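Please read all numbers here as calculations on a predicted model, not as lab measurements. Below, read A as the first sequence line, B as the second, and so on, with proteins coming before strands; counting in each chain starts at 1.
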There are 2 protein chains.
Amino acid sequence: MNPENKRDSVLCSALALFAERGFDATTIPMIANSANVGAGTIYRYFENKEVLGNTLFQNYVVTFMKTIEAHYSEEQSIRQQFHHLFRAMVLFTNENEHALYFIKKHSGAHFLNEESREDFVQLLNLFRSFFETGKEQGVIRELPSEALIAIVYGAFLELQNLVRVGELVPDPELLSGVEESLWDSVRHHS
Amino acid sequence: MNPENKRDSVLCSALALFAERGFDATTIPMIANSANVGAGTIYRYFENKEVLGNTLFQNYVVTFMKTIEAHYSEEQSIRQQFHHLFRAMVLFTNENEHALYFIKKHSGAHFLNEESREDFVQLLNLFRSFFETGKEQGVIRELPSEALIAIVYGAFLELQNLVRVGELVPDPELLSGVEESLWDSVRHHS
DNA sequence: TAGAGAGGAATGAATGTTCATTCCGCGTAG
DNA sequence: CTACGCGGAATGAACATTCATTCCTCTCTA
């Protein structure tokens, strides 16, 4: 996001700081400072720190879902659907630095309100229904969908974190290697 | 850990709370209350909150490494070594509730001191050398070891979290299914 | 066209609250 | 009786939040 106004500037700085240090370890003055804005200005746009956190969380969960849905079609083979899911995750990560890591780090956080939690459940449901279909077709491994999600989601986010801190460079070769690895972890092997 | 004295009681309560809510969102009075101890008593045993956090972190990272090493032998085949690594992770998880999740959640936290960070690097090195050997033998997929670690570590911890919150029951069938899934994600496929 | 004035936006010092940490009086074991 | 371990109220620092004031920009007037 290129901050074109103070509100966006606050959101943008808060996202980076929350992802880096966590919600609780980030202070309002830090955010104000990083956004080049007075502390009071933040309260013109957000009722309080929690609202700011929830706004960010919901924004990005919804954006993530849209990214997935935009690249998704139930017509295709499960393998192709998986490819699109994976590409959507990569795309979202590229277009929204810090966002996926912020979501992951705070998906169980205490400051989240009901709406944020529901949005997150919906996101998981996208993945769940994919795996359910795959298992019905005998293409996906017979494990609880929760477990399959955890494997792909956990592995991907841990990788994304390495990229974030610069320990890994996401060139095409690495990406396709990772996609294959994750696919092998969830597919049915005969 | 069965708290037999006040110090252990504090450690035990702090571990559970840090894992649940995170270091920053956990207050000293919360810990004192949960440990059935006065707030001041905590300071008889730990210089301050950071020291308490680092003590826990180092304790469990070291215990985790010991658990792994106790079940490890370089003589065996890579597949067998992987099995032992996996069982060690499960074992450690069973014997030390909350501990692995605490480690994961805080492995990049700002309160960690140099020593804690070094211990964590050592832990990762255990995994790294396993994967390096495996790649040399052509048994493990050609991906950077960092990436392989992230996949196994990320997936396992996300799963362990599901178990922790009760969404998944770790029966033997599930465990061996997960082990196979993770093995398929890192092994070389011909 | 210049200048005054209104109204919204922005600021950061001031406020009240919450927390880590300290301190002191109490009880208990030796 | 004494000394050590303990609890929890007391303290001060750091924080989220508020608000009186300033600053900007647009508009209306002479």
K.L.:
I'd like to check the ring-ring contact (aromatic ring centres under 6.0 Å, His included) partners of A:F156; sequence neighbours left out, ordered by chain and number.
P.N.:
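In terms of ring-ring contact (aromatic ring centres under 6.0 Å, His included), with neighbours along the sequence ignored, A:F156 is linked to A:F86.
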
K.L.:
Cation-pi check, A:K49 to A:F23: give yes when NZ or CZ is under 6.0 Å from the six-membered ring centre and within 45° of the ring axis, no otherwise.
P.N.:
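Yes.
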
K.L.:
Each nucleotide in nucleotides 25-30 of chain C should get exactly one letter: B, S or -. Can you fill that in based on protein heavy atoms under 4.0 Å?
P.N.:
------

K.L.:
Using the salt bridge (Lys or Arg N to Asp or Glu O under 4.0 Å) criterion, which residues pair with B:R117? Sequence neighbours excluded.
P.N.:
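By the salt bridge (Lys or Arg N to Asp or Glu O under 4.0 Å) rule, B:R117 matches no residue at all.
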
K.L.:
Please lay out, stage by stage, how B:E20 and B:K105 fare under the test salt bridge (Lys or Arg N to Asp or Glu O under 4.0 Å).
P.N.:
CA-CA 10 Å; B:E20 211 76 52; B:K105 200 164 189 168; over 6 Å; no

K.L.:
Does anyone know the first and last nucleotide of DNA chain D in reach of chain B, 5' to 3', at under 4.0 angstrom to a heavy atom?
P.N.:
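Range of nucleotides within reach of chain B: D:dG5 to D:dG8.
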
K.L.:
Mind telling me whether A:W183 and A:F82 have parallel, tilted or perpendicular rings, with 30° and 60° as the class edges?
P.N.:
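Rings of A:F82 and A:W183: tilted, 30 to 60°.
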
K.L.:
Taking A:D184's backbone N and O only, do any of them form a donor-acceptor pair with A:R141's side chain (distance below 3.5 Å, no angle check)?
P.N.:
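Checking the backbone N and O of A:D184 against the side chain of A:R141, a donor-acceptor pair under 3.5 Å is found.
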
K.L.:
Please confirm whether the backbone N or O of B:S185 pairs with a side-chain atom of A:S181, one donor and one acceptor, at under 3.5 Å?
P.N.:
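The answer is yes, because a donor-acceptor pair under 3.5 Å joins these two groups.
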
K.L.:
Hey, can you pull the residues of residues 22-43 of chain B with a non-hydrogen atom under 4.0 angstrom from DNA chain C?
P.N.:
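DNA chain C contact set from residues 22-43 of chain B: B:T26, B:T27, B:I28, B:P29, B:G40, B:Y43.
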
K.L.:
Roughly, in whole Å, what's the span from NZ in B:K49 to C1' in C:dC19?
P.N.:
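It works out to 8 Å between those atoms.
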
K.L.:
Keeping to residues at least two apart or across chains, list the side-chain hydrogen bond (donor to acceptor under 3.5 Å, both in side chains) pairs with something in residues 23-36 of chain A.
P.N.:
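Those involving residues 23-36 of chain A are A:S13-A:S34.
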
K.L.:
Across the strands shown, which category fits A:Y45 at heavy-atom distances under 4.0 angstrom: base, sugar-phosphate, nothing?
P.N.:
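Here A:Y45 touches the backbone only, sparing every base.
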
K.L.:
Between A:F102 and A:F57, what is the ring plane arrangement, given parallel below 30°, perpendicular above 60°, and tilted in between?
P.N.:
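The arrangement is perpendicular - the two ring planes meet at more than 60°.
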
K.L.:
Could you state the CZ-P distance from A:R44 to C:dG12, rounded to the nearest angstrom?
P.N.:
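Result: 15 Å.
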
K.L.:
If the plane angle is over 60° it's perpendicular, under 30° parallel, otherwise tilted; pick one for A:H71 and A:H84.
P.N.:
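Tilted, since the angle between the ring planes falls between 30° and 60°.
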
